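Note that this is a predicted model, so its numbers are computed, not measured. Chain identifiers are assigned alphabetically (A, B, ...) following the order of the sequence lines, protein sequences preceding nucleic acid strands; residue numbering begins at 1 within each chain. Any value given below was found using the heavy atoms of this structure, including those in side chains, with hydrogens, waters and symmetry copies removed.
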2 protein chains.
Amino acid sequence: MISAEAKYALRALIMLAGVPAGQALLIQDIAEGQNIPRKFLERILLNLKKAGIVQSRRGQLGGYALLKPASQISFAQVLRLIDGPIAPLPCLSIIAYRKCADCTDETHCEIRQVFAQVAEASREVLEKASIADAFAGSPALERLERDVSGPRVRTLR
Amino acid sequence: MISAEAKYALRALIMLAGVPAGQALLIQDIAEGQNIPRKFLERILLNLKKAGIVQSRRGQLGGYALLKPASQISFAQVLRLIDGPIAPLPCLSIIAYRKCADCTDETHCEIRQVFAQVAEASREVLEKASIADAFAGSPALERLERDVSGPRVRTLR
DNA sequence: AACTATCTCTACTAAATCGGTAGAGATTGT
DNA sequence: ACAATCTCTACCGATTTAGTAGAGATAGTT
């Protein structure tokens, strides 16, 4: 299971992908639009900013915007940032390899070979899936266009 | 990441797959052979017994043995028993479906479609991988045969 | 300069989960 | 009677999860 935080991050990014490139949304509007606790979302977006995925501006015309095209943000990148390794065993992780404490012979470890296949299959999907892919075919776009009292879109200067 | 408990369970089962069908091993010998804390392993094996995967006998000639052929015990079965659903989202689980609390429209959920692919790919691997597969090509067999002070194999009556 | 809207940052917390331990009990064979 | 083994319940400390609180910095407006 992925964490609630990762799910929120992905959904926030998908919502941001729904406004024209460079345009921003308010934390408040993202939180309401996606049913995410506002203060929790603040911290999540801050992390995404530190990781170079979004940018922000403070003050009266402030907000959050994607820093890269949504097509260049993969699910894998977001999940690794927030939930850590995708691999089901530490000895199979790319980003945080660790030897299993109780494992004497890694190359012959019986379960490692099975989980290596799981890791590879998961990575295959998650590396290829981008925020833009997820946004396409989602109802977010139409909602944005139709909804009169919808999120306030603005340009970050 | 899978839990230490699931990893221990899989390795204990693989070790049990190394003795002739119906033959048993002692908790003590499995714990030593696989570097698993003994008391922890007791509880794990008890759970595997409740689930109908192993059988046991108490007393002086007691021990644990597989209840089914190792080829009929899948990684998926063991993981689901111990770590719960394989699916990365509750709304994608076979064994414990739950609606995401914050999700208004499941069929159009953007991230659900991506994680459905992950779930399917993982299941594909984990359902097909059996304890017997893992045991084959592992060094466990030769070790069992060579090791003079190895685990004590016994028949459960 | 004052005011207001927004993001920023640190710290805190309650609940759940994880990894394991303790210890008494039941059963079986000798 | 005794020793070896599994059985069962309860507990425990550390970590993680899912938030919340609240003070602060910054930008635009008047």
Side-chain angles (χ1 to χ4, degrees), chain A residues 1-9 11-12 16 24-32 34-51 54-65 67 79 82-85 88 90 96 100-102 151-157, chain B residues 1-9 11-12 16 24-32 34-51 53-65 67 79 82-85 90 96 100-102 151-157:
Chain A
M1 293 277 175
I2 67 169
S3 66
E5 183 169 351
K7 195 166 51 167
Y8 293 161
R11 291 224 307 254
L16 283 173
L25 294 175
L26 302 185
I27 290 181
Q28 182 63 38
D29 289 347
I30 300 174
E32 280 170 13
Q34 300 292 326
N35 273 316
I36 304 172
R38 188 219 156 103
K39 292 295 281 181
F40 197 12
L41 181 58
E42 285 184 11
R43 228 183 33 199
I44 293 168
L45 285 171
L46 217 45
N47 282 337
L48 293 175
K49 183 184 180 183
K50 265 190 227 155
V54 299
Q55 59 179 317
S56 68
R57 188 164 186 81
R58 296 197 258 201
Q60 213 165 47
L61 292 184
Y64 272 94
L67 195 51
L79 284 178
I82 293 180
D83 282 355
C100 296
D102 51 333
R152 289 153 279 181
V153 180
R154 46 179 70 180
T155 307
L156 292 190
R157 278 188 283 172
Chain B
M1 293 278 174
I2 67 169
S3 66
E5 184 170 350
K7 195 164 52 165
Y8 293 161
R11 291 224 306 254
L16 283 173
L25 293 175
L26 303 184
I27 290 182
Q28 182 63 38
D29 289 346
I30 299 174
E32 281 171 11
Q34 300 292 326
N35 273 316
I36 304 172
R38 188 218 157 102
K39 292 297 279 182
F40 197 12
L41 180 59
E42 285 184 12
R43 224 181 38 196
I44 294 168
L45 285 172
L46 217 46
N47 282 337
L48 293 176
K49 183 184 179 182
K50 265 190 229 153
I53 296 173
V54 299
Q55 58 179 318
S56 68
R57 188 161 187 82
R58 296 196 258 202
Q60 212 166 50
L61 291 185
Y64 272 95
L67 195 51
L79 284 178
I82 295 180
D83 282 355
C100 294
D102 51 333
R152 287 153 282 181
V153 181
R154 46 181 69 180
T155 308
L156 292 191
R157 277 188 284 172

Rounded to whole angstroms, how far apart are [atom1] on [X] and [atom2] on [N]?
X        : N      : atom1 : atom2 : result
A/Lys7   : D/dT17 : NZ    : C1'   : 13 Å
A/Ile82  : D/dA18 : CD1   : P     : 11 Å
A/Leu156 : C/dC7  : CG    : P     : 10 Å
A/Phe40  : C/dC7  : CZ    : P     : 17 Å
B/Asp83  : C/dT17 : CG    : P     : 13 Å
A/Asn47  : C/dT10 : CG    : P     : 11 Å
A/Leu41  : D/dT20 : CG    : C1'   : 14 Å
B/Glu5   : C/dT17 : CD    : P     : 13 Å

For [X], side chain to side chain contact (heavy atoms under 4.5 Å, CB included) partners two or more places apart:
X        : result
B/Asp29  : B/Leu26, B/Glu32, B/Pro151, B/Arg152
B/Gln60  : none
A/Thr155 : A/Gln23

**Report entry** Protein-to-nucleotide contact annotation, 5' to 3' order, nucleotides 3-12 of chain D [B base; S sugar-phosphate only; - none; under 4.0 Å, heavy atom]
**Finding:** -BBBBB-B--

For the residue pair [X] and [Y], what are the closest heavy atoms and their distance?
X        : Y       : answer
B/Leu156 : B/Gly62 : CD2-C, 4.2 Å
A/Glu5   : A/Ile82 : CG-CG2, 3.6 Å
A/Leu16  : A/Ala65 : CD2-CA, 4.3 Å

Query raised in the report: Can you name the salt bridge (Lys or Arg N to Asp or Glu O under 4.0 Å) partners of B/Asp83, sequence neighbours left out?
Result: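 Expected list: none.
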
Query raised in the report: By salt bridge (Lys or Arg N to Asp or Glu O under 4.0 Å), which residues pair with B/Arg154, not counting sequence neighbours?
Result: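 Counting only residues at least two positions away or on another chain, B/Arg154 forms no salt bridge (Lys or Arg N to Asp or Glu O under 4.0 Å).
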
Query raised in the report: How bent is the helix from C/dA1-D/dT30 to C/dT30-D/dA1, comparing axes over its five end pairs at each side, to the nearest 10°?
Result: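 Taking five pairs per end, the axes differ by 0°.
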
Do any side-chain atoms of residues 35-42 of chain A form donor-acceptor pairs under 3.5 angstrom with protein atoms, and if so which ones, sequence neighbours left out?
from: A/Arg38; atom 1: NE; to: A/Glu42; atom 2: OE2; distance (Å): 3.1
from: A/Arg38; atom 1: NH1; to: A/Gln28; atom 2: OE1; distance (Å): 2.3
from: A/Lys39; atom 1: NZ; to: A/Glu42; atom 2: OE1; distance (Å): 3.4

